[in-house]
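Heads up: the structure comes next, in structure tokens.
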Amino acid sequence: MGMTSTSPPLTAVEANRLGIAALQAGDNEAAARHFGAATEADPHSGALQRNLASAWRALDDDARELEALDAALAIDRRDLMAWIRKGER
């Protein structure tokens with residue numbers, strides 16, 4: 001039986017850190033991938049959903065941005081930042 005080499009899944013914290021770095025560097029596609037991994041690792045974090053929404057906004061993907069903001073609001077209906085950002089659209 002052969003061995004396969006796969007990378008272990010990133011933790012939400014590490015994926016979020018990489019997403020922030022990518023967003024700051026202007027690599028919005030990488031940011032969306034990293035924030036997507038972060039939300040998969042911690043699906044109950046509204047903050048991570050808002051970060052994912054930031055990447056989608058940077059990519060001019062309104063539908064996915066609103067989807068991420070809706071996911072943040074599904075986690076916490078009182079998420080003021082998500083409401084504000086949703087209202088900006």
Side-chain angles (χ1 to χ4, degrees):
M1 194 185 266
M3 293 185 61
T4 60
S5 176
T6 60
S7 299
L10 295 175
T11 66
V13 171
E14 180 65 9
N16 187 57
R17 185 189 68 74
L18 292 171
I20 291 169
L23 202 59
Q24 290 173 340
D27 190 350
N28 301 324
E29 290 180 11
R33 282 193 310 276
H34 291 304
F35 289 139
T39 61
E40 287 178 19
D42 184 358
H44 303 292
S45 172
L48 295 177
Q49 292 291 344
R50 288 193 314 274
N51 287 351
L52 179 57
S54 294
W56 293 131
R57 179 177 286 195
L59 289 166
D60 293 321
D61 191 329
D62 293 342
R64 285 183 172 169
E65 177 188 5
L66 290 174
E67 183 180 311
L69 292 172
D70 285 340
L73 290 169
I75 293 165
D76 181 1
R77 297 301 293 171
R78 299 169 297 168
D79 186 333
L80 181 61
M81 185 54 65
W83 281 114
I84 290 171
R85 292 189 46 201
K86 191 170 177 174
E88 292 174 341
R89 288 290 171 193

query = Can you tell me how far CG of L73 sits from CG of D79, rounded to the nearest 0.5 angstrom?
reply =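 Going from CG on D79 over to CG on L73, the span is 5.5 Å.
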inquiry  = Would you compute the distance between atom CZ of R85 and atom CG of L80 and round it to the nearest 0.5 angstrom?
reply    =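 Reported to 0.5 Å precision, the distance equals 12.0 Å.
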request  = Before accepting this row, confirm whether a basic side-chain N of the pair E14/R17 lies closer than 4.0 Å to the acidic partner's carboxylate O.
outcome  = yes
Pair R57 + E88: basic N to acidic O under 4.0 Å = yes
Can you confirm whether [X] sits close enough to [Y] that some side-chain heavy atom of one is under 4.5 Å from a side-chain heavy atom of the other?
X   : Y   : result
W83 : R77 : yes
E65 : K86 : no
Q49 : P43 : no

key: Cluster check I20, L52: I/L/V/M/F/W/Y, side chain < 4.5 angstrom   =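 Looking at the clustering, L52 is in the same group as I20.
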Show the nearest heavy-atom pair for residues [X] and [Y], with the distance to one decimal.
X   : Y   : result
A12 : A41 : N-CB, 3.6 Å
I75 : H44 : CG2-O, 3.5 Å
F35 : G19 : CZ-C, 3.3 Å
G46 : A72 : O-CB, 3.7 Å
L23 : A58 : CD1-CB, 4.2 Å

task = Applying side chain to side chain donor-acceptor pair (under 3.5 Å) between N16 and each of T39, N51, D42, report the one that passes.
result = N51
request  = Answer yes if the side chains of R50 and S45 hold a donor-acceptor pair under 3.5 Å, and no otherwise.
outcome  = no
